Amino acid sequence: MTPEQRVSAVFKLLEAGSKKVIDGKQTQLDHTLKVAQLAKNSGADEETILAALLLNISNFTTPEQQSDSLITGRSYDLLEVGGALEYDLSMDSGDLYLPQMGVSKKTRELVESQVSAKRYLGAIDPSFGDNGYVTLPLPLFSLPERQAFEKDPLFNQKVQLAKWDVAAKTTDIKPAALNTYREMFIRNMM
């Protein structure tokens, strides 16, 4: 597969999110583009912006679609997000799909850390989940887990991505179109 074909495959998956309405207000694609726009507006590097774009990739497919795609032979964890159960691909299978699509190691690591970052934020700020959009059926980080997470070289970016993800559910920013990220994606492929 050429880089252009891989980007087209990822974008096709993301575009499917234009049909899925979340929280009764916006589509999954709109939300994803807002997360990426918040990252871009803050001056994040390109790999972090791409991680923001891919952060919720698990929400774009069902387990049945995943089994028919490049992602096979894995279990999927259920998470409660905004009152709905969703399969968490970023936590379990991003290591299969995203590398095949040419996503860089740093971007993959940022995407795969979404649940950990929210567990961390919930542990240090009990009001983190009070916005009605984030409920964590997973245990919050213990003190040793928090301390280890804080030593991660990508700690700040991981935490910021989780914050942008939550903020994008309530912000009224007008995001750039998905296609504006095409060249950025190609530049940052492995």
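The structure displayed is predicted, hence computed values, not measured ones.
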Residues that Lys34 engages under salt bridge (Lys or Arg N to Asp or Glu O under 4.0 Å), provided they are two or more places apart | none

Using side chain to side chain contact (heavy atoms under 4.5 Å, CB included) as the criterion, point out the one residue from Val35, Leu178, Val10, Val111 that pairs with Leu53.
-> Leu178

Hey, does Pro99 have a side-chain heavy atom less than 4.5 Å from the side chain of Arg108?
-> yes

Less than 4.5 Å apart, any side-chain heavy atom of Gln37 and any of Lys174?
-> no

Evaluation steps, side-chain contact (heavy atoms from CB on, under 4.5 Å), between Asn188 and Thr107 | CA-CA 9 Å; Asn188 287 281; Thr107 299; 5.7 Å; no

Does the Thr180 side chain pair with the main chain of Ala176, one donor and one acceptor, at a distance under 3.5 Å?
-> no

Taking all non-hydrogen atoms of both residues into account, name the closest pair between Leu110 and Ala51 and its distance.
-> CB-CB, 3.6 Å

For residues Leu33 and Ala177, report the shortest heavy-atom separation together with the two atoms involved.
-> CD2-C, 4.3 Å

Check whether the side chains of Ser8 and Gln5 place a donor and an acceptor atom closer than 3.5 Å, and report yes or no.
-> no

Between Asn156 and Gln160, a side-chain donor and acceptor under 3.5 Å | no

Just say parallel, tilted or perpendicular for the rings of Phe185 and Phe11, cut-offs at 30° and 60°.
-> perpendicular

Not counting sequence neighbours, which residues clear side-chain contact (heavy atoms from CB on, under 4.5 Å) with Arg187? List them please.
-> Glu46, Glu183, Met184

Residues which pass side-chain contact (heavy atoms from CB on, under 4.5 Å) with Asp45, listed by chain and number, not counting sequence neighbours | Glu47, Thr48, Lys106, Gln157

Would you call Glu145 and Arg119 a salt bridge, using N to O less than 4.0 angstrom?
-> yes

Starting at OG1 of Thr171, measure out to CD1 of Ile173 and round the result to the nearest 0.5 Å.
-> 4.5 Å

